[in-house]
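One structure is given below, encoded as structure tokens.
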Amino acid sequence: MNHIKNFIGGEFVDGEGGKTFTKVSSFDGETLATVSEAGAFDLIKSIQAGKKAFVAFETATREQRAHLLNSIATHFESNKNEIAFLEALYQGLPQEFVLNNSVEVAIRVLKETAQSLLNSKKSEMEVRSTGLIGIITPWSLSLRMVVDRLAPALAAGNAVVVKLSEQSPITTQILGEALMKAEVPAGLVNILNAPAEIGHMLAGHPGVRAVTAAGSNATMEAIATAGLKQFKKLQLSGSAKNSGLVLGDADFANNIGEILRPFLIGQAQTCWNVSRLFVLEATHKEFYEAAKSYLEKLTPSTGPKDSSPWLPLIAPKVAADLDQKLSLAKTEHGKILTGGEGLADKGFFHKPTVMIDLTNCSVIQQDEVQGPLLLVTPVKYQHEMLKWTNTSYLGQGAVVWGSAEKAAKVIPKLECQQVWLNSWMTGAEKSMFGHKQSSFGNPDMSWDGSFYSDVKSLTGL
């Protein structure tokens with residue numbers, strides 16, 4: 001059985017408290033690994049190691065920093081299929097999806113950031129390293145989520161402490177091995193498998209200058225509360241309530257699988273997933289029938305190499321929370337079109353559920369759900385899709401299905417950060433920092449911008 005340790009001071013170490021937890025496969029319930037849990041003392045060790053490494057790394061040349069980033073990318077590239085399989089196995093996702101949207105993206109971000117370092121020219125702004133930066137990420141596509149933040153942090157000459165989700169500890173092993181292979185200076189990057197309270201401690205520690213994090217709004221609020229007491233730099237990406245808009249000329253009959261894919265791959269648990277769909281009243285009955293027929297033919301995925309889009313939940317608690325939300329939705333007059341129950345077999349599977357007849361101002365229509373519940377709402381006119389999508393207090397992303405001509409009237413008016421047209425998760429997306437209440441703080445992801453660097457204006461020099 002695999003035993004996953006923390007990565008502190010350039011080596012894999014067990015937590016000082018001796019605590020461990022078990023990570024099981026959401027596909028079949030089998031144990032994948034025992035994991036060493038980091039505690040407060042491990043966090044302090046990581047911060048001390050990071051501050052020590054920062055003193056030397058701050059003065060590294062841009063060429064030296066670029067070399068480190070390229071070396072990490074080379075390791076990922078040489079092992080990308082194995083890395084994608086492991087991350088998919090631990091996260092309950094398809095290997096191909098993880099390869100295209102996590103591992104390949106991480107490689108690209110590292111290489112592009114390295115090239116930006118080498119291409120950088122003297123300007124009227126002087127940039128200095130910020131110092132020690134905290135990175136806190138959720139479980140989904142966690143390698144990508146970390147590298148999106150790690151690459152500009154290292155490019156700017158910072159040291160880093162990463163707090164990973166307990167649901168994806170494999171990322172500690174994957175990233176730690178890459179850092180060792182690339183000969184990244186010991187202590188420059190430290191990675192902890194730790195509960196939420198360690199993330200709060202990381203955000204509130206006076207030795208940490210900036211915190212970049214992603215997760216639910218409740219998690220981001222706790223991190224902000226800890227960090228704002230010291231007016232730290234904050235970069236927070238929060239909850240999502242993403243919509244799919246099926247326009248009048250969309251051929252949903254022949255593309256129902258693609259239209260439902262943004263809901264199914266990830267089971268509406270991630271910031272990229274769609275959790276509600278708007279269709280026109282004129283064709284809503286046909287859409288209902290097409291969606292129900294497609295979903296009821298699906299079989300549960302057996303593992304990362306399986307092509308079935310019916311994937312497991314990351315943990316049993318998600319199913320329990322979903323059942324509570326279904327009960328609430330029924331009190332708001334929602335009706336289940338298909339699904340609605342879990343499976344007693346191995347793994348953490350819940351039947352993908354489609355609900356209809358919920359009012360657009362209901363709690364379930366407005367709040368993040370995080371689970372396989374898709375709300376389908378018919379509207380009379382296309383402009384109503386915009387109205388009800390924009391009513392949400394969250395603004396991460398949206399997927400539009402239909403002709404470019406019709407979409408051109410909709411996309412500019414959508415109040416969100418990321419819009420896909422007749423596609424979803426192509427690997428070309430940037431980091432998600434949504435509009436409205438989906439993000440907070442400084443979203444600048446450039447290594448020489450005002451988050452990862454301290455920028456000084458030069459006048460008369």
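These numbers come from a predicted model, not from an experiment. For this chain, numbers begin at 1 and follow the sequence in order. Values below: every heavy atom of this structure, side chains too, minus hydrogens, waters and symmetry copies.
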Before giving the answer on side-chain contact (heavy atoms from CB on, under 4.5 Å), spell out for Phe57 and Arg65 the whole-Å C-alpha distance, their side-chain angles and the decisive distance to 0.1 Å. CA-CA 9 Å; Phe57 190 65; Arg65 298 175 194 174; 3.7 Å; yes
For Thr171 and Glu87: C-alpha separation, side-chain torsions, deciding distance, then whether side-chain contact (heavy atoms from CB on, under 4.5 Å) applies. CA-CA 7 Å; Thr171 307; Glu87 190 167 72; 3.7 Å; yes
Verdict with supporting geometry, Trp424 and Phe97, ring pair (Phe, Tyr, Trp, His ring centres under 6.0 Å): CA-CA 11 Å; Trp424 178 72; Phe97 178 78; 5.8 Å; yes
Start with the C-alpha distance between Asp321 and Lys317, add both sets of side-chain angles, then the distance that settles salt bridge (Lys or Arg N to Asp or Glu O under 4.0 Å), and finish with yes or no. CA-CA 6 Å; Asp321 291 345; Lys317 184 180 183 299; 2.9 Å; yes
Please report the C-alpha distance between Arg128 and Asp448 in whole Å, then the side-chain angles of each, then the deciding distance to 0.1 Å, and finally whether the salt bridge (Lys or Arg N to Asp or Glu O under 4.0 Å) criterion is met. CA-CA 8 Å; Arg128 293 178 59 86; Asp448 54 353; over 6 Å; no
Is there a side-chain contact (heavy atoms from CB on, under 4.5 Å) between Ile265 and Met425 once you walk through the steps? CA-CA 10 Å; Ile265 305 297; Met425 293 301 281; over 6 Å; no
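Here Phe451 pairs with nothing under the ring-ring contact (aromatic ring centres under 6.0 Å, His included) rule; sequence neighbours left out.
Atom CG of Leu110 sits about 7.0 Å away from atom CG of Leu150, to the nearest 0.5 Å. A distance of 7.5 Å separates OG1 in Thr34 from CG in Asn2, rounded to the nearest 0.5 Å. Rounding to the nearest 0.5 Å gives a distance of 9.0 Å between CD of Glu429 and CH2 of Trp272.
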Donor-acceptor contacts under 3.5 Å from residues 193-203 side chains, at least two apart:
unit_1	atom_1	unit_2	atom_2	d
Asn193	OD1	Thr172	OG1	2.6
Asn193	ND2	Lys5	O	3.3

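Classification of Glu77 and Lys111 as a salt-bridged pair holds, one side-chain N sitting under 4.0 Å from a carboxylate O.
The environment of NZ in Lys351 is sparse: at most 12 heavy-atom neighbours from other residues, nucleotides or ligands sit within 6.0 Å. Counting heavy-atom neighbours within 6.0 Å of His67 NE2, excluding the residue itself, gives a total of 12 or less.
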